[in-house]
Amino acid sequence: LLLILLILLVYFYHDKKKYFNCLIFSVSSFATVVLFLIRDINIITGLRYYRGGADGLLHFSFGRKIAQNLSDYNFYEALKGSEHIYYFMPGLRYFSSLNNYIFGDSSYGYVIICIFIPIVIFRIFNELITTKVALILFTSFIFIPVFENMGFGYFNYVWQAARYHAESLSILFILVSFYLIIKIHQRKDIIIMNLLISILLSLAVFLRPNFLPTSLIFFVYLIILLFKNHYFNQIIFSLLGYSLIFICLAHNFYFGKELVFFTNAAVNFKLSIYMIFDALYSLFTFNIQNENLSTLKNQFFDWNPIYNIHRLIIILFIFYRLLLNKYESFVYVLFISMLSQHGVLFLTHASSRYAYLAWLLTFILFIYLISKMNFWKNRYAI
């Protein structure tokens, strides 16, 4: 790896842009290795283990069985993925099998994947704002995670990858898709990118089905962009790419003879629409003993504890700016995606790793809206 890095540095030496990109990649790689060393040195040394009863142990074991079945040319069992009907997160076991097939009983594949998370974060802000701001946010994301409770702390994604959870990989796919959608919005490199976006968005849901709202909203926006720019033939490729979202349905019907769209795991809905309306009605009628009101209050503080009051202020600021000003279409798409993911949180699991995507989308939108304020424009002008 060091030899490759030196060759790249020499090769890009006379091209400042390529040299700069190589530097960003190097910093991200270095930070990734250091954080994995801090979290669990065994991930870097290759001695991989998981604590009993954790999801990571299960996903890794599924992946190992798939890799073994592929090695034995038992393709039926490999495709089945240890379950006739998916109960646990579907996609990670197949990524794990690919990792096992290439890197053996280690997590090196996931370590390499994580390197690209900070890079994509930098790329997104570089497109939306300026290189200077993107560098500041890139540095903050990796080294000074003051906004980690907004999903903007790299160590959180490394920690989840170390535990072999699907969030880090799935969120990376969504971030890459969003970055490419911005490029298409700016009418840059439209050809072929739309197929990649569609595939990544469908695979993100394959890894984490609860990210379906954002995936679907981004995909619909992609189709609208292609239609507006008269790339009608590209729409077909996009639809073909996004058809991978039916992988779970096809698997469950073929192996389990049941029409289950994603998994048969019962979604733990802590609130329903009726419960919310009943709780609000009891609030207005001063019926503070209402059970649904108590449930709503508990879910609200699970979604946003009192010490994270700044997150509510940020959401109010976003509403205020969007009502006050007119922005480009992708801003409203990002806003709707943000709301949809917060809706999923509010009704189901409201915190921890389940909340990363919703708060990360919120943070990206917040930073972009701040950058468009006249106050900052005037300062830059001076």
Side-chain angles (χ1 to χ4, degrees), residues 89-92 117 120-121 124 128 141 147-153 156-157 160 165-182 197-198 200-222 242 245 261-263 265 267-273 276 296 299-305 308 310-319 321-322 327 329-369:
M89 294 297 99
L92 190 58
I117 297 175
V120 177
I121 290 285
I124 288 172
L128 292 179
F141 180 68
F147 296 105
E148 64 90 14
N149 55 13
M150 296 288 296
F152 201 71
N156 280 326
Y157 298 93
Q160 295 307 322
H165 292 158
E167 279 75 11
S168 301
L169 182 58
S170 183
I171 289 173
L172 173 65
F173 286 171
I174 288 175
L175 289 176
V176 172
S177 301
F178 179 61
Y179 169 70
L180 295 177
I181 285 172
I182 294 170
I197 293 168
S198 303
L200 290 177
L201 288 175
S202 59
L203 291 180
V205 177
F206 188 43
L207 288 158
R208 285 298 315 183
N210 55 314
F211 293 162
L212 174 63
T214 294
S215 170
L216 193 57
I217 291 165
F218 281 2
F219 176 70
V220 170
Y221 181 60
L222 171 65
Y242 201 67
I245 202 169
F261 202 90
F262 290 123
T263 74
V267 180
N268 184 18
F269 282 104
K270 298 184 179 181
L271 284 171
S272 66
I273 301 300
I276 293 172
L296 179 63
Q299 186 70 355
F300 179 85
F301 285 111
D302 190 25
W303 171 69
N304 193 79
N308 283 334
H310 63 282
R311 300 200 302 196
L312 295 180
I313 295 172
I314 286 173
I315 289 177
L316 290 174
F317 171 83
I318 290 171
F319 272 95
R321 295 300 300 176
L322 290 179
Y327 296 95
S329 56
F330 74 84
V331 175
Y332 298 98
V333 170
L334 190 58
F335 176 67
I336 295 169
S337 301
M338 178 199 87
L339 288 182
S340 67
Q341 284 305 140
H342 279 298
V344 171
L345 292 179
F346 209 69
L347 296 176
T348 57
H349 299 285
S351 60
S352 186
R353 58 194 171 100
Y354 306 103
Y356 289 169
L357 179 61
W359 289 113
L360 182 58
L361 295 175
T362 305
F363 182 78
I364 292 171
L365 183 54
F366 170 66
I367 295 296
Y368 178 76
L369 293 178

One should read off an interatomic distance between Leu128 CG and Tyr179 OH, to the nearest 0.5 angstrom, of 10.5 Å
For residues Ser337 and Phe218, report the shortest heavy-atom separation together with the two atoms involved.
OG-CE1, 3.2 Å
How many angstroms lie between CD in Glu167 and OH in Tyr157, if you round to the nearest 0.5 Å?
10.0 Å
Separation of Glu148 CD from Phe141 CZ (nearest 0.5 Å)
11.0 Å
Test side-chain contact (heavy atoms from CB on, under 4.5 Å) applied to Met150 and Asn308, step by step:
CA-CA 9 Å; Met150 296 288 296; Asn308 283 334; over 6 Å; no
Checking Phe206 now: which residues fulfil ring pair (Phe, Tyr, Trp, His ring centres under 6.0 Å) with it, not counting sequence neighbours?
Tyr94
Note: Thr348 and Gln299 closest approach over all heavy atoms is O-NE2, 2.8 Å
What are the two closest non-hydrogen atoms of Pro213 and Ser340, and how far apart are they?
CB-OG, 3.4 Å
Output a table of donor-acceptor pairs, distance under 3.5 Å, between side-chain atoms of residues 356-364 and any protein atom two or more places apart or on a different chain; print 'none' if there are none.
| from | atom 1 | to | atom 2 | distance (Å) |
| --- | --- | --- | --- | --- |
| Thr362 | OG1 | His342 | NE2 | 2.9 |
| Thr362 | OG1 | Ala358 | O | 2.7 |

To the nearest 0.5 angstrom, please state how far the CG atom of Leu203 sits from the CD1 atom of Ile174.
11.0 Å
Can you tell me if Thr214 and Gln341 form a side-chain donor-acceptor pair at under 3.5 Å?
yes
Output the distance between atom CG (Leu345) and atom CH2 (Trp303), rounded to the nearest 0.5 Å.
8.5 Å
For the pair Ser215 (side chain) and Phe211 (backbone), establish whether a donor and an acceptor sit closer than 3.5 Å, ignoring hydrogens and angles.
no
With heavy-atom distances below 4.5 Å as the criterion, would you say the side chains of Ser170 and Met89 are in contact?
no
Could you check Leu222 against Leu180 for side-chain contact (heavy atoms from CB on, under 4.5 Å), going step by step and ending with a plain yes or no?
CA-CA 10 Å; Leu222 171 65; Leu180 295 177; over 6 Å; no
Minimum heavy-atom distance between Arg321 and Leu369, given as atom pair plus value:
CB-CD1, 4.1 Å
Using the rule given for side-chain contact (heavy atoms from CB on, under 4.5 Å), can you reason through Leu169 versus Arg208, listing the C-alpha separation, both sets of side-chain angles and the distance that settles it, and then say yes or no?
CA-CA 9 Å; Leu169 182 58; Arg208 285 298 315 183; over 6 Å; no
Separation between CZ of Phe335 and CG of Leu322, rounded to the nearest 0.5 Å
5.5 Å
Ile124 to Leu175 - nearest heavy-atom pair and separation:
CD1-O, 3.7 Å
Run the numbers on Phe330 and Tyr368 for side-chain contact (heavy atoms from CB on, under 4.5 Å), then give the verdict.
CA-CA 11 Å; Phe330 74 84; Tyr368 178 76; 3.9 Å; yes
Ring pair (Phe, Tyr, Trp, His ring centres under 6.0 Å) against Phe366, all qualifying residues, sequence neighbours excluded:
Phe317
Leu212 and side-chain contact (heavy atoms from CB on, under 4.5 Å): which single residue from Ile217, Val205, Leu201 fits?
Val205
What verdict does the side-chain hydrogen bond (donor to acceptor under 3.5 Å, both in side chains) test give for Ser329 and Tyr221, after you've listed the backbone C-alpha separation in whole Å, the side-chain angles of each residue and the deciding distance to 0.1 Å?
CA-CA 9 Å; Ser329 56; Tyr221 181 60; 2.7 Å; yes
Check the orientation of Tyr242 and Phe219. Use parallel for under 30°, tilted for 30 to 60°, and perpendicular for over 60°.
parallel
